[in-house]
Amino acid sequence: MIAMQKNSVAGKRKRHSLFWATYALVVIGVAVLGMALGLVFGYAIDLPRVDELQKVRPNVVSYVYADDGRVLGQFATEKRILVTFDQIPKHLKEAILAAEDGQFFRHSGIDFSRAFMTLFRDTFLGERKGFSTLTMQLSKLQFTSRDRTLKRKITDMLYAIEIEKTYSKEQIFTIYFNQIYMGHGTYGFAAAADFYLHKQLKDLTVAEAALLAGIVQSPERHSPISHPDQSLRRRNNYVLPRMLDEGFIDAATYQKAIKEPLVVHGRNFESGPAPYFIEWVRISLEQKHTADEIWKSGLRIYTTVDYDMQVAANRAIRDGLKKFDRERRRWRGPIETGLDPRTYQHADWLQIFYEGLMVPGIVLQSSASQAQIKIGGYTALLGVDDVAWTGRKRVSEALKPGDVAMFSIEQVNRSERTLQVALDRIPEAQAALMAIENKTGAIKAMVGGFDFRYSKFNRATQALRQPGSIFKPFTYVTAMESGYSPFDTVLDAPISFRDGLGRLYQPTNEDEEYKGLISIQQALYQSRNVPTIRLANALGIKRIIDVAHRFGIRREFPPYLPVSLGAGELTLQEITSAFTTFPNNGVRAEPYFIKRVEDYNGVTLEEHRHRVEEVVSPETAGKMVFMLKSVTERGTASTAVHLAGDSFRRPMGGKTGTTNDFTDSWFVGFIPQLTAGVWAGRDEKKPLGNRVFGATLALPIWIEFMKEVFKELPAQDFETSFQPSGPSENNTEALIAPQPVSTDPITVEDIKPPL
């Protein structure tokens, strides 16, 4: 009896304890649930509205186009190309779904089965996998952050529910497709296809679609540029198998895609064919558009540049300067020595490597026959032939382990992480080129220096340099307008002048010889200084300066005779534009480079209108073409032109230019369709070297450029009414009268150009 009573009391105690334990659990559960609901409710009432999501257009790329529609460059804070749902290929949609959210079109923003499975695997198996749907990822892109916290996850889920209520699946997918970050500054799949593969969406293969879809999880780790091996594994071991499992592709398509090689490129518009030109466009746009319009609104800037001519101009400048540098300056060794290849790094290694890029590399090992070079994550081998230009017969004589030198990339093998390179160096001289269409003034090519990465100063549009003999044609234009004939004679004999301050000026010819009576035509095509000064003295220097201003030279010059020999300063753009007047029958078209600017919707914001002006009569222009043709036929440019080959046996004219002490080398030449000017020199206005004339450096660059131009432009004759007939009846006594010679001359440098 007593035992029964004890059991009854014990049972009551157990039931009492169970009751209170259950009660406590219920209370705690309710409290936790209440707290969770309160937390969720608190997050929910703080959520911004999502109904404006589709109305807000993200930052998009502003593109700069060449005259044939090819992209020259871009302005962008985020490289993005917007597309509609219908523009996305079916197999690309399926690749994205397979890689990121296979149930996207079947869930309501949250894939609960995937969420519970992920929670279970994270808790019991220690895996760290996410369960974000495309909608939740869109929430993270637009409203929250990448922080891995409970609050962010709950907020993403709440946003996903709201987004699904507000938008259709197609709208959500399209917004996600255009917004997702794809690495290397690109956003959205369309921009990624253009960047990595140089393709439009419609041209993607199944394997390429899978490659792009595989980038999303980790753009840094799965970049086919930086980590092609990991990118390929992600494509072959995850995305393509998922597409097969989901039934998006069949076995045959899967096998074909698996075997497709990884071929990627990468675009680097900053190092494209026209970086100086793109910067010139940007500066021009800033006069009419805000920074946000230029960099974020998706402008379409259509320019006058001929893409192939621009590439040719870039190549001619770089090759010409490097060739001149190797001929004139001996190899002085590497940039740095004695460094540790295991720890050495360089900022230039962070960029995308491409053919033609010059970049520093460090020597890992070297022998008589070859050297192994490290350039970022790539390696290259250098042979004896690659260092022959240095004068060294063994590679180890030029480069030793730990040496840092410059190398030009000739070929990139991204899959094997190898490069084919050539030993190189940055030349000391600089050069610029500008080509202008004669009839319209359209600028077809422009290069402002050797390499935009090392110097952004545009020597084609910004550099004021002494023109030297390139200025002489303005004196001869003045003579032709005054009634002289190319066949009239002028005395090439010593002469001196005294200026208003009593100083003596005695010009001399470059060869320090004198030819006596010669024709005006010969004086120009042989670039004789003394006959030009005689002409300038007879005609009046102020008249010559006025003529230069009519031709578009905007600089003010002092009224001193040495100005007729190029003692002032001007830009390459000015002198090249001025020369277009000669082959265009005396009419000068104002140069321009932007044809049209449109906004993102195709509305024209600005459009160029041609401005032309008759500068000289057709008769005078014809006389000048006749004389300037002689420069390339038997004058200062004839030797180089004749050696250039059969393609240069066509009508052309031009003028060389050299300044005192050989600081500036010029050549401006023209054919009926186009005028191109080249300047070369040192930025510090130091001599280029002994006896470096316009025909030594500038003319060879011009010739290399025009070789490519001639492939596009057929040979034509000049349209001119001038018919050579002999000397005029003009009084030439002032041109042939002897002058006293001073024994105390002054030089051109003594007469300073205006500031």
Side-chain angles (χ1 to χ4, degrees), residues 309 312-313 315-321 323-324 429-436 438 444-450 459-460 463 465-474 476 510 524-527 551 553 565-566 570-583 624-625 627-645 647-648 650-660 662-671 674-682 688-689 691-710:
M309 285 190 193
R315 186 185 304 116
I317 289 289
R318 292 179 68 87
D319 292 350
L321 286 175
K323 182 176 184 292
F324 176 80
Q430 285 284 355
L433 184 151
M434 180 165 290
I436 304 177
N438 298 329
K444 309 307 291 183
M446 188 273 279
V447 180
F450 175 74
R459 296 156 189 83
R465 305 293 298 212
Q466 282 197 355
S469 299
I470 208 79
F471 195 86
K472 288 178 181 177
F474 300 123
Y476 291 85
E510 179 57 42
L524 178 59
Y525 73 67
Q526 289 186 342
S527 199
F551 273 74
I553 306 297
L565 301 182
L570 46 72
T571 67
L572 176 64
Q573 179 186 356
E574 288 176 308
I575 194 67
T576 305
S577 173
F579 268 63
T580 63
T581 305
F582 301 133
M624 290 304 301
V625 168
M627 290 194 291
L628 291 170
K629 284 173 63 179
S630 302
V631 175
T632 61
E633 292 170 350
R634 56 184 184 274
T636 55
S638 60
T639 301
V641 169
H642 291 160
L643 292 174
S647 63
F648 279 76
R650 58 157 70 190
M652 66 178 68
K655 183 71 184 75
T656 56
T658 309
T659 56
N660 283 350
F662 310 109
T663 58
D664 298 87
S665 173
W666 296 84
F667 185 77
V668 180
F670 54 80
I671 56 176
L674 188 82
T675 297
V678 175
W679 165 87
R682 298 183 191 273
L688 286 163
R691 300 186 66 78
V692 178
F693 302 100
T696 307
L697 180 52
L699 177 56
I701 293 174
W702 184 87
I703 287 173
E704 290 305 310
F705 170 67
M706 294 302 289
K707 283 180 180 178
E708 298 301 316
V709 171
F710 291 163

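Values reported hereafter were calculated over all heavy atoms of this structure, with side chains retained and with hydrogens, waters and symmetry mates removed.
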Could you tell me whether the side chain of [X] and the main chain of [Y] form a donor-acceptor pair under 3.5 Å?
X      : Y      : value
Ser665 : Phe693 : yes
Arg682 : Gln430 : no
Trp666 : Gln466 : yes
Thr576 : Ala676 : no
Thr632 : Ala637 : no
Asp664 : Gly657 : no
Ser577 : Gln573 : no

Closest non-hydrogen atom pair between [X] and [Y], with its separation:
X      : Y      : answer
Ala313 : Leu433 : CB-CD2, 3.8 Å
Glu704 : Ala316 : CB-CB, 4.1 Å
Ala431 : Ile317 : CB-CD1, 3.7 Å
Gly320 : Leu697 : O-CD1, 4.1 Å
Ile671 : Arg650 : CD1-NH1, 4.0 Å
Ile703 : Ala640 : CD1-O, 3.5 Å

Heavy atoms, side chains only, cut-off 4.5 Å: are [X] and [Y] in contact?
X      : Y      : result
Lys655 : Tyr476 : no
Pro473 : Phe579 : yes
Trp679 : Ile575 : no
Arg634 : His642 : no
Thr675 : Pro583 : yes

Would you give the length of the straight line joining atom [atom1] of [X] to atom [atom2] of [Y], rounded to the nearest 0.5 angstrom?
X      : Y      : atom1 : atom2 : value
Ser469 : Gln526 : OG    : CD    : 12.5 Å
Leu674 : Ile436 : CG    : CD1   : 8.5 Å
Arg315 : Lys707 : CZ    : NZ    : 12.0 Å
Thr696 : Phe662 : OG1   : CZ    : 8.5 Å
Met624 : Phe474 : CE    : CZ    : 9.0 Å

Audit row: Lys629, Tyr525, side chain to side chain contact (heavy atoms under 4.5 Å, CB included) steps and yes/no: CA-CA 8 Å; Lys629 284 173 63 179; Tyr525 73 67; over 6 Å; no
Within the 6.0 Å centroid threshold, strictly below: Phe582 and Phe551: yes
Test log, rule side chain to side chain contact (heavy atoms under 4.5 Å, CB included), inputs Val447 and Arg318: CA-CA 10 Å; Val447 180; Arg318 292 179 68 87; over 6 Å; no
Pair Lys472, Ser527: side-chain N/O donor-acceptor within cut-off below 3.5 Å: yes
The single option from Leu699, Val668, Ile701 passing side-chain contact (heavy atoms from CB on, under 4.5 Å) against Val678: Ile701
Stepwise side chain to side chain contact (heavy atoms under 4.5 Å, CB included) test for Thr636 and Val631: CA-CA 6 Å; Thr636 55; Val631 175; 3.7 Å; yes
Stepwise side chain to side chain contact (heavy atoms under 4.5 Å, CB included) test for Lys444 and Val709: CA-CA 10 Å; Lys444 309 307 291 183; Val709 171; over 6 Å; no
